[in-house]
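Remarks on the structure that follows.
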Amino acid sequence: MIIFNKKYVLMLLAILSLSFVLVACGGEEGEDSTDNNEGSDNNGEEASGEFDEAQWMFITEELKGEVQYEYAAEFAKRIDEKTNGAIEVVPYEYGALGSEVDQAQSLQQGAVQLAVMSPGFTGGQVPDGQIFSLHYFFPADPEQTQEVLTNSEALNTDLRAKYEEHNITPLAFWTEGAMAWTSNVGIEEPSDWEGLNTRVQESPLMRETYAAYGATVQSISWGELYTALDRETVDAQENPIFFINSASFYEVQDTLTISNHNNYVAMTTVNTDWYNGLPENEKALIDETVEEMQEWVFEEQKAQNEAGLEAIKADTENPTEIIELTDEQIEAFKEVALPVHEKYRNGELTEGVDPAIYDKLKEEIAEVTGE
Ligand code: 6CS
């Protein structure tokens, strides 16, 4: 028989009220940490709640310190904070899972959940994704290009649907900076390209674009490019300046031409089946984080490109002539490049291009540039 004496009852009541206070405090602490999520549009309304423990793999085509990898690392940090550590995002450097083409396949097959992907490597599968490699089509100014990339319906709805047919969902498009050319000849006018063998990604349109200048192309992974340039099996290449610096391409090339012929565009992608099968709060978490990161990555690439140019100029052991094209010289390139746009649009260069995406995007670009 249990005997309740007064002392015992008082002790029980004290324990019960202490537990009540602790539970209440715990709740407040959780809410506070959600409210503190900087940049969260919906104050955690949709992206909050219970998150099951999970690990998501996020592959990139670049190395630690470079824009794509730093993007994945920052994304991982934000997801960790927002889920109080329940969801761990693991960023992978280029090479950890094969070449860029292998990486695209890993995402499509669901071996990884997230990837930063350059459209050039799936140009054969998604012909409309090649639009980013047209020369002098997007604004030369990276800020205006980013505005188009973030807000374009042609890209974020129509082109996205084309990728989704291949189990790739691009959640955002962003610039890694304006492209520049490197070579040993010093490219200043279209005819300087004649006879040069230039490295490009896997996009058929890139072949046609450089063919218009009189060059031939070779598709290799960037991991093989330094050696190819050094051995002169490849004569030239294009990339944003931060990458020309970090991958040391300038060390084995005499000149760098600031041509602004287009911007290097990257996409934040997810495996479509995986993403569509996620609970709503996890989808909202990914969407809001990707949206917040647009501004972050713009500043990141800007800082890296500025620092990259300074580093190339400062490397006196590997002198590089920097050629900045004049407006007149750019006009000469445009004269050759612009007819390629229409041919691309009309499907004369690569099959399967949707002219409606081209037309809509062209209008959206004109709205931003006012031209
Ligand atoms: O040239 C390339 O293929 C590489 N360039 C950049 C800026 N990022 C990754 C990509 O694979």
Side-chain angles (χ1 to χ4, degrees), residues 58-73 91-107 114-124 129-130 132-133 138 142 145-146 149 168 170 172-183 197-207 209-210 217-229 234-253 256 258-269 297-298 300-309 311-312:
F58 196 161
I59 44 171
T60 73
E61 300 163 338
E62 295 174 6
L63 301 178
K64 251 181 212 156
E66 295 172 340
V67 179
Q68 290 189 12
Y69 183 90
E70 292 309 310
Y71 179 97
Y92 287 88
E93 286 183 296
Y94 163 80
L97 297 168
S99 71
E100 301 94 330
V101 177
D102 299 326
Q103 293 187 353
Q105 282 167 4
S106 297
L107 182 91
L114 299 117
V116 177
M117 200 184 279
S118 306
F121 294 110
T122 49
Q130 298 175 92
F132 302 107
S133 44
F138 278 85
T145 288
Q146 188 56 59
L149 296 176
I168 300 168
F173 299 85
W174 36 274
T175 178
E176 289 197 57
M179 292 276 230
W181 290 313
T182 65
S183 74
N197 185 27
T198 189
R199 178 270 176 172
V200 293
Q201 297 177 346
E202 293 283 328
S203 159
L205 176 64
M206 289 183 182
R207 183 174 316 115
T209 305
Y210 282 101
V217 300
Q218 195 167 329
S219 298
I220 52 171
S221 170
W222 78 255
E224 298 162 42
L225 186 52
Y226 181 94
T227 308
L229 292 169
V234 167
D235 305 308
Q237 65 85 39
E238 57 173 11
N239 254 305
I241 291 174
F242 87 86
F243 201 72
I244 292 172
N245 174 51
S246 59
S248 307
F249 298 145
Y250 74 95
E251 288 179 6
V252 284
Q253 298 266 267
L256 182 153
I258 300 181
S259 51
N260 285 330
H261 59 283
N262 61 22
N263 269 245
Y264 191 100
V265 173
M267 311 184 287
T268 308
T269 65
V297 74
F298 187 81
E300 179 68 17
Q301 65 77 28
K302 193 169 171 218
Q304 288 212 19
N305 277 302
E306 285 167 4
L309 185 58
I312 293 172

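No hydrogens, no waters, no symmetry mates; every other heavy atom, side chains included, goes into these values. Keep in mind that what you see is a predicted model, and the values were worked out from it rather than measured. First listed ligand is number 1; within each ligand, the first listed atom is number 1.
Between Y71 and W174, the two ring planes are parallel [angle under 30°; tilted spans 30° to 60°]. Ring-plane geometry between W222 and F243 is classed as perpendicular, the angle between the planes exceeding 60 degrees on a 0 to 90 degree scale with a lower cut at 30.
Here is the list of ligand 1 atoms found below 4.0 Å of a heavy atom in E62: 6 (C), 7 (C), 8 (N), 9 (C). Each of the following atoms of ligand 1 lies closer than 4.0 Å to a heavy atom of F121: 3 (O), 11 (O). Under a 4.0 Å criterion applied to the non-hydrogen atoms of P240, ligand 1 contributes the atoms 7 (C). Close contacts between ligand 1 and E100 involve ligand atoms 3 (O), 11 (O) [criterion: under 4.0 Å to a heavy atom].
Listed for the E61 side chain is no donor-acceptor partner under 3.5 Å among the backbone atoms of M117. The main-chain N or O of I241 is found under 3.5 Å from a side-chain atom of N305 such that the two form a donor-acceptor pair. Side chain of E238 to backbone of A180: no donor-acceptor contact under 3.5 angstrom is found.
At the top of the distance list for atom 10 (C) of ligand 1, counting protein heavy atoms only, stands Y264 OH, 3.0 Å.
If you look at Q237 next to ligand 1, there are no close heavy atoms at all, none under 4.0 Å.
Judged by the shortest distance from any of its heavy atoms, R199 lies inside the 4.0 Å radius around the atoms of ligand 1.
S118 has its side chain within reach of Q201: a pair of non-hydrogen atoms, C-beta onward, lies under 4.5 Å apart.
Taking distance alone, with nitrogen or oxygen atoms compared against 3.5 Å, N239 approaches ligand 1 more closely than that limit.
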